[in-house]
Engineer: 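Below is the structure I would like to discuss, written out as C-alpha cells.
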Protein chains: 2
Amino acid sequence: MGATKTENFTGKQNSIATMIKALGHPARIAIIEYLVKVDTCICGDIVNELPLAQPTISQHLKELKNAGLIKGNVEGNSICYCIDEKAIDKLQKYFSTIAAKLEKKNNCC
Amino acid sequence: MGATKTENFTGKQNSIATMIKALGHPARIAIIEYLVKVDTCICGDIVNELPLAQPTISQHLKELKNAGLIKGNVEGNSICYCIDEKAIDKLQKYFSTIAAKLEKKNNCC
DNA sequence: AATCTTTATCGTAATATTGCAATATTAAAT
DNA sequence: ATTTAATATTGCAATATTACGATAAAGATT
C-alpha cells in the first residue's frame with residue numbers, strides 16, 4: 001500500500017486533514033509565518049527568505065495553494081501571494097471547538 | 001533527497017510542524033474526533049470504530065503519542081488513550097494568534 | 001527582437017509514509 | 001500452566017513526499 005484510504009473517512013475528516021497536512025512541514029510553516037510577518041503582500045522574496053532552492057519553494061507554495069491556505073495573484077512578471085484568511089479561520093475554529101469540548105470533560109490520563 | 005531539511009528551520013517551526021503533521025491524516029483526525037466524542041477515555045474500541053487494521057491503528061496511535069497529542073495509560077491488559085489538552089491548546093493558540101494578526105491587515109488578494 | 005527576471009514544470013534520486021499479515025508481548029481469565 | 005484478549009512490533013510492498021538541477025514559460029526591460 002502506501003496510499004491513504006481516503007474513501008473510508010468522511011468528507012469533513014478528509015478536508016480538514018488535507019488543510020492540516022499542508023501545514024505539516026517546517027518550510028510551509030515558515031512561509032505562512034513570513035506572510036503573516038510582512039505587512040504587505042509578498043511577491044518574490046520568499047526565495048531569498050528561505051534556505052531552500054527556488055523549485056522547492058515553488059512546490060511548497062503550490063501545495064499551500066492547493067490546500068486553499070494561500071492565494072496567488074499575478075502582478076506583472078512576479079506573483080503576489082497572500083494568506084487566505086478564511087482557511088486560517090477554519091483551522092482556528094476547528095481547534096477552538098475541540099478545546100472547548102475538552103474543557104467540559106474530566107480527562108482520566 | 002526526500003528528507004525534510006529540518007536543520008534550516010527554527011526549533012519552534014519544526015516543533016509546531018511536527019504536531020500539525022501528526023494531525024494531517026484522516027485516520028488520525030478520526031481518532032482525535034472519536035476521543036473527543038466519547039465521554040470517557042477510550043480503551044480498546046478504536047479498532048472497532050475505524051475501517052483500518054489493528055496494526056495500522058496502533059501505528060497511528062503511536063504517531064499521535066510521539067507528537068504529544070495523546071497520552072496512553074496502561075489499564076490492565078488494555079490501554080487508555082486520551083487527548084493531551086495542552087497540545088490542543090497550543091494548536092488553538094497558534095492559529096488564534098495568526099488569525100488575530102491577519103485581522104489587522106488589509107490583504108491585497 | 002534579444003535579454004533579463006520571476007515563477008513553474010519536468011525528471012529524478014533519496015527518503016518517508018501508509019497499510020497489513022504475521023508474529024510477539026503482556027496481562028487477565030480459566 | 002494454558003488459553004484468551006488487547007496491543008505492539010516486525011517486515012515488506014505500494015505509494016507519497018522532499019529536494020533540486022535543468023529547462024520552460026511569460027512578462028518586463030533594454
Side-chain angles (χ1 to χ4, degrees), chain A residues 1-9 13-14 17-31 34-35 41-67 69-82 109, chain B residues 1-9 13-14 17-31 34-35 41-67 69-82 109:
Chain A
M1 313 278 145
T4 298
K5 288 185 141 189
T6 51
E7 70 278 10
N8 289 330
F9 302 98
Q13 285 169 340
N14 280 311
T18 300
M19 283 184 68
I20 292 177
K21 186 180 185 181
L23 276 177
H25 190 288
R28 295 193 290 269
I29 287 286
I31 289 172
Y34 183 65
L35 284 171
C41 265
I42 197 53
C43 293
D45 23 34
I46 307 183
V47 173
N48 300 319
E49 197 67 21
L50 294 198
L52 292 170
Q54 181 268 323
T56 308
I57 291 174
S58 181
Q59 205 172 256
H60 282 305
L61 286 168
K62 194 181 175 185
E63 271 178 78
L64 286 170
K65 203 175 173 188
N66 284 343
L69 288 160
I70 62 174
K71 293 177 281 186
N73 275 26
V74 177
E75 190 101 0
N77 63 343
S78 64
I79 292 188
C80 167
Y81 278 113
C82 39
C109 299
Chain B
M1 312 281 144
T4 297
K5 288 186 143 187
T6 51
E7 70 278 9
N8 288 331
F9 302 97
Q13 284 169 341
N14 280 311
T18 300
M19 285 184 66
I20 291 177
K21 185 180 184 181
L23 276 177
H25 190 288
R28 296 194 290 269
I29 286 285
I31 290 172
Y34 183 64
L35 284 171
C41 265
I42 196 54
C43 294
D45 24 34
I46 308 184
V47 172
N48 301 320
E49 197 65 21
L50 294 197
L52 292 170
Q54 181 268 322
T56 307
I57 290 173
S58 181
Q59 204 173 257
H60 282 307
L61 286 167
K62 194 181 176 185
E63 270 178 78
L64 287 170
K65 202 175 173 188
N66 283 342
L69 288 160
I70 63 174
K71 293 179 281 189
N73 275 26
V74 177
E75 191 100 0
N77 62 346
S78 64
I79 293 187
C80 168
Y81 279 113
C82 38
C109 300

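Hydrogens, waters and symmetry mates play no part in the numbers below; they use all other heavy atoms, side chains included. By convention in this document, chain letters (A, B, ...) are assigned in the order of the sequence lines, proteins followed by strands, and residues within each chain are numbered from 1.
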Engineer: Where along residues 18-29 of chain A does a heavy atom come under 4.0 Å from DNA chain C, residue by residue in number order?
Structural biologist: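 None, since no heavy atom is under 4.0 Å.
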Engineer: Would you say Ser58(B)'s side chain and Gln54(B)'s backbone share a donor-acceptor pair under 3.5 angstrom?
Structural biologist: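 No.
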Engineer: Quick one: side-chain contact (heavy atoms from CB on, under 4.5 Å) partners of Lys65(A), sequence neighbours excluded?
Structural biologist: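 Partners of Lys65(A) under the side-chain contact (heavy atoms from CB on, under 4.5 Å) test: Ile70(A), Tyr81(A).
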Engineer: For Thr4(A) and Pro26(B), work out which heavy atoms get closest and say how close.
Structural biologist: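 Of all heavy-atom pairs spanning Thr4(A) and Pro26(B), the closest is CG2-CG, 3.7 Å.
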Engineer: What is the separation between atom CG on Leu50(B) and atom P on dT7(D), rounded to the nearest whole Å?
Structural biologist: 13 Å
Engineer: What's the CG-C1' distance between Asn73(B) and dA8(D), to the nearest Å?
Structural biologist: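 Taking atom C1' of dA8(D) as the reference, CG of Asn73(B) is at 17 Å.
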Engineer: Of the non-hydrogen atoms in Ile29(B) and Ala17(A), which two are nearest, and what is the gap between them?
Structural biologist: CG1-CB, 4.0 Å
Engineer: Which part of the nucleic acid, if any, lies within contact of Leu61(A), taking any heavy atom under 4.0 Å across all strands shown: a base, the sugar-phosphate backbone alone, or nothing?
Structural biologist: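 Leu61(A): no heavy atom of the nucleic acid under 4.0 Å.
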Engineer: Starting at atom CD of Gln59(B), determine the distance to atom C1' of dT10(D), rounded to an integer number of angstrom.
Structural biologist: 11 Å
Engineer: Report, one line per pair, each donor and acceptor closer than 3.5 Å where one atom sits in a side chain of residues 41-53 of chain B; sequence neighbours left out.
Structural biologist:
none

Engineer: For the side chain of Ile79(A), starting at C-beta, report the closest nucleotide among dT7(C), dC20(D), dG19(C).
Structural biologist: dT7(C)
Engineer: Could you check which of dT7(D), dG19(C), dA19(D) has an atom nearest any side-chain atom of Ser78(B)?
Structural biologist: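 Comparing dT7(D), dG19(C), dA19(D) against the side chain of Ser78(B), the answer is dT7(D).
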Engineer: Nearest 0.5 Å, please: how far is NZ in Lys71(B) from CG in Leu35(B)?
Structural biologist: 12.0 Å
Engineer: Check this one for me: any side-chain N or O of Thr56(A) less than 4.0 Å away from OP1 or OP2 of dC20(D)?
Structural biologist: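 Thr56(A) to dC20(D) OP1/OP2: side-chain N or O found under 4.0 Å.
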Engineer: Could you give the CD1-to-P distance, from Ile42(A) to dT7(C), as a whole number of Å?
Structural biologist: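 Computing the Ile42(A):CD1 to dT7(C):P distance gives 9 Å.
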Engineer: Between N or O atoms, less than 3.5 Å apart, protein on one side and nucleotides 21-27 of chain D on the other: list the pairs.
Structural biologist:
none

Engineer: Quick one: Ile70(B) CD1 to dA8(D) C1', roughly how many Å, whole number?
Structural biologist: 14 Å
Engineer: May I ask you to verify if any side-chain N or O of Tyr81(A) is less than 4.0 angstrom from the OP1 or OP2 atom of dA8(C)?
Structural biologist: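 So the side-chain polar atoms of Tyr81(A) do come within 4.0 Å of the phosphate oxygens OP1 or OP2 of dA8(C), strictly under.
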Engineer: Starting at CD of Glu75(A) and ending at C1' of dA28(D), how long is that distance when rounded to a whole Å?
Structural biologist: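 Rounding to the nearest Å, CD of Glu75(A) and C1' of dA28(D) are 14 Å apart.
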Engineer: With a non-hydrogen cut-off below 4.0 angstrom, is Ile57(A) in contact with a base, only sugar-phosphate, or nothing?
Structural biologist: nothing
Engineer: May I have the distance from Glu63(B) (atom CD) to dA8(D) (atom P), rounded to whole angstrom?
Structural biologist: 13 Å
Engineer: Once you round to the nearest 0.5 Å, how far does CG of Leu69(A) lie from CG of Leu61(A)?
Structural biologist: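 Atom-to-atom, Leu69(A):CG and Leu61(A):CG are 11.5 Å apart.
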Engineer: So how far is it from Leu23(A) CG to Met19(B) CE, rounded to the nearest 0.5 Å?
Structural biologist: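 Going from CG on Leu23(A) over to CE on Met19(B), the span is 13.0 Å.
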Engineer: When the distance from NZ of Lys62(A) to C1' of dT6(C) is rounded to whole Å, what number comes out?
Structural biologist: 17 Å
Engineer: Atom NE2 of His25(B) and atom OG1 of Thr6(A): how far apart are they, to the nearest 0.5 Å?
Structural biologist: 9.0 Å
Engineer: According to a strict under-4.0 Å criterion, is His60(A) in side-chain N/O contact with OP1 or OP2 of dA19(D)?
Structural biologist: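 Answer yes for this pair, as a side-chain N or O of His60(A) is under 4.0 Å from OP1 or OP2.
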Engineer: Does a side-chain N or O from Ser58(A) land closer than 4.0 Å to OP1 or OP2 of dA8(C), or not?
Structural biologist: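 Ser58(A) to dA8(C) OP1/OP2: side-chain N or O found under 4.0 Å.
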Engineer: To the nearest 0.5 Å, what is the distance between CG on Leu64(B) and CD1 on Ile57(B)?
Structural biologist: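 Going from the CG atom of Leu64(B) to the CD1 atom of Ile57(B) covers 11.5 Å.
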Engineer: Residues in side-chain contact (heavy atoms from CB on, under 4.5 Å) with Glu63(B), at least two apart?
Structural biologist: Arg28(B), His60(B)
Engineer: Considering non-hydrogen atoms only, spot the tightest contact between Ala67(A) and Thr18(A) and give its length.
Structural biologist: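 Shortest heavy-atom contact: CB-O, 4.2 Å.
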Engineer: Taking for each residue the nucleotide of DNA chain D bearing the nearest heavy atom, is the 5' side occupied by Pro51(A) or by Asp45(B)?
Structural biologist: Asp45(B)
Engineer: Starting from the first five and the last five pairs of the helix from dA1(C)-dT30(D) to dT30(C)-dA1(D), work out the angle between the resulting helix axes, to 10 degrees.
Structural biologist: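 The two end axes of the helix from dA1(C)-dT30(D) to dT30(C)-dA1(D) meet at 20°.
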